[in-house]
Amino acid sequence: MRLRFAQRTIEPELLDGAGVDEARASLNDLIRLNRDWGGYSSLAQLLDRADVTRGPASVLDVGAASGDMGRQFRALRPHAAVTSLDYVVHHLAKAPAPKIAADAFYLPFPPRSFDYVFASLFLHHFTGGQIVELLRAFGRTARRGVLISDLERRTIPYYFVPFTRWVLGWDPITVHDAPVSVAAGFRTSELRDLAIAAGLQPDVRTHGMAFRITMWAPTC
C-alpha cells in the first residue's frame with residue numbers, strides 16, 4: 001500500500017469483478033462497515049440536514065449492491081419507497097424489491113421519476129468527468145434532491161481495514177478494496193466542485209471519526 005492523499009487515485013476494485021460466491025463475504029463486510037463504522041450514522045445526519053420528508057417519498061438507490069443503505073434509509077424514513085439499482089445483477093441478490101439491474105450512466109427512467117436520488121459508496125469509483133455526468137443525470141431524475149454518501153480521503157480509514165483484518169475478520173477482497181476506495185475518496189472542496197460543475201447547488205460536509213463525506217443538493 002502507498003499513502004496517496006494529495007489527489008484522488010482510482011484503481012480497480014476486486015469486488016467489481018468478483019463472482020457470486022467470491023463477492024458474498026465482501027458484500028457482508030460492507031454492511032458491517034456501514035452499520036458499525038459510520039455509514040448509518042452519517043446517513044441519519046444527512047437526511048436530517050436535508051430535511052428529507054418523513055412522509056411518502058420515492059427514492060432511487062444507485063449502486064445499491066445488497067441494499068443495506070436503502071434498508072437503513074427506510075428505517076429512518078419508514079414511508080420511503082426505495083428502488084435499488086446496480087449494474088451487477090448478483091450484487092442485488094439480498095436487496096429488497098423493487099430492484100433493477102441497469103447502468104447508472106443510462107438510467108432507464110424519464111426526468112423527475114423519483115423524489116430523491118441517493119448513492120452511497122458509489123461515486124468514488126469514477127473519474128471527475130464521469131462523476132459530473134452522473135450527478136447531472138441524478139439531478140434530472142430527482143424531483144426534490146440528490147443525496148450522496150461516500151468516503152473521506154484520510155489516513156485512518158485508509159489503514160483501518162488492513163490493520164484490523166485479523167481482529168475483525170475482514171474478507172481478503174475487502175482488505176484489498178478498502179484502502180483503494182479511500183484513496184479514490186474525496187475532500188470537501190473536490191466533491192463540492194464536481195457537483196457545481198454538474199449544475200447543482202451542493203451542501204457538502206464531513207462526519208468526524210466516521211470519515212464519511214455527504215452531500216445534499218436540492219433540485220426543486
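Position 1 is the first residue of the sequence, and the numbers go up from there. These numbers come from a predicted model, not from an experiment.
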Taking a hydrophobic cluster as the set of Ile, Leu, Val, Met, Phe, Trp and Tyr residues connected by side-chain heavy atoms closer than 4.5 Å, whether directly or through intermediates, do [X] and [Y] fall within one such cluster?
| X | Y | value |
| --- | --- | --- |
| Y40 | L27 | no |
| L92 | V89 | no |
| M215 | I213 | yes |
| L107 | L134 | yes |
| V52 | V62 | no |

On a heavy-atom basis, which atom in [X] and which in [Y] lie closest, and how many Å separate them?
| X | Y | value |
| --- | --- | --- |
| S84 | G67 | OG-CA, 4.5 Å |
| L147 | A50 | CD2-CB, 3.9 Å |
| I196 | P202 | CG1-CD, 3.7 Å |
| L15 | A23 | CD1-CB, 3.7 Å |
| T219 | R112 | O-NH2, 4.1 Å |
| S42 | G39 | OG-O, 3.1 Å |

Is there a donor in the side chain of T206 and an acceptor in the side chain of R154, or the other way round, less than 3.5 Å apart?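 No, no side-chain donor-acceptor contact under 3.5 Å.
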Just checking, any donor-acceptor pair under 3.5 angstrom between side chains of R212 and S41?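 Side chains of R212 and S41: no pair found under 3.5 Å.
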With rounding to the nearest 0.5 Å, note down the distance linking [atom1] in [X] to [atom2] in [Y].
| X | Y | atom1 | atom2 | value |
| --- | --- | --- | --- | --- |
| H207 | S149 | NE2 | OG | 7.0 Å |
| T83 | F109 | OG1 | CZ | 6.5 Å |
| D61 | F73 | CG | CZ | 8.5 Å |
| L191 | E152 | CG | CD | 11.0 Å |
| K94 | R24 | NZ | CZ | 7.0 Å |
| D48 | L43 | CG | CG | 9.5 Å |

Using side chain to side chain donor-acceptor pair (under 3.5 Å) as the criterion, point out the one residue from R205, R49, Q45 that pairs with T214.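 Between T214 and the candidates, side chain to side chain donor-acceptor pair (under 3.5 Å) is satisfied uniquely by R49.
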With H124 as reference, evaluate R153, E13, R8 under the side chain to side chain donor-acceptor pair (under 3.5 Å) test and give the passing residue.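 Of R153, E13, R8, side chain to side chain donor-acceptor pair (under 3.5 Å) with H124 is met by E13 alone.
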Please test L123 against F138 for side-chain contact (heavy atoms from CB on, under 4.5 Å), starting from the C-alpha separation and ending with a verdict. CA-CA 12 Å; L123 290 186; F138 295 174; 4.3 Å; yes
Report the C-alpha distance between L200 and L135 in whole Å, list the side-chain angles of each, state the deciding distance to 0.1 Å, and finish with yes or no for side-chain contact (heavy atoms from CB on, under 4.5 Å). CA-CA 8 Å; L200 301 175; L135 290 175; 4.1 Å; yes
Report the relative orientation of the aromatic rings in W216 and Y116; use parallel for angles under 30°, tilted for 30 to 60°, perpendicular for over 60°.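 Judged by the thresholds at 30° and 60°, the geometry between W216 and Y116 is tilted.
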With under 30° as parallel and over 60° as perpendicular, where do the rings of F160 and W37 fit, or are they tilted in between?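 Geometry flag for W37 against F160: tilted rings.
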So does D68 pair up with R71, basic N to acidic O under 4.0 Å?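 Salt bridge absent between D68 and R71.
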Chi angles and distances behind the side-chain contact (heavy atoms from CB on, under 4.5 Å) call for H125, D16: CA-CA 10 Å; H125 290 88; D16 294 337; 3.6 Å; yes
Among F122, Y87, F126, ring pair (Phe, Tyr, Trp, His ring centres under 6.0 Å) partner for F105: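 Among F122, Y87, F126, the one that satisfies the ring pair (Phe, Tyr, Trp, His ring centres under 6.0 Å) with F105 is F126.
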Taking side chain to side chain donor-acceptor pair (under 3.5 Å) as the test, write out the residues that go with R74, two or more places apart.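 Result, side chain to side chain donor-acceptor pair (under 3.5 Å) vs R74: none returned.
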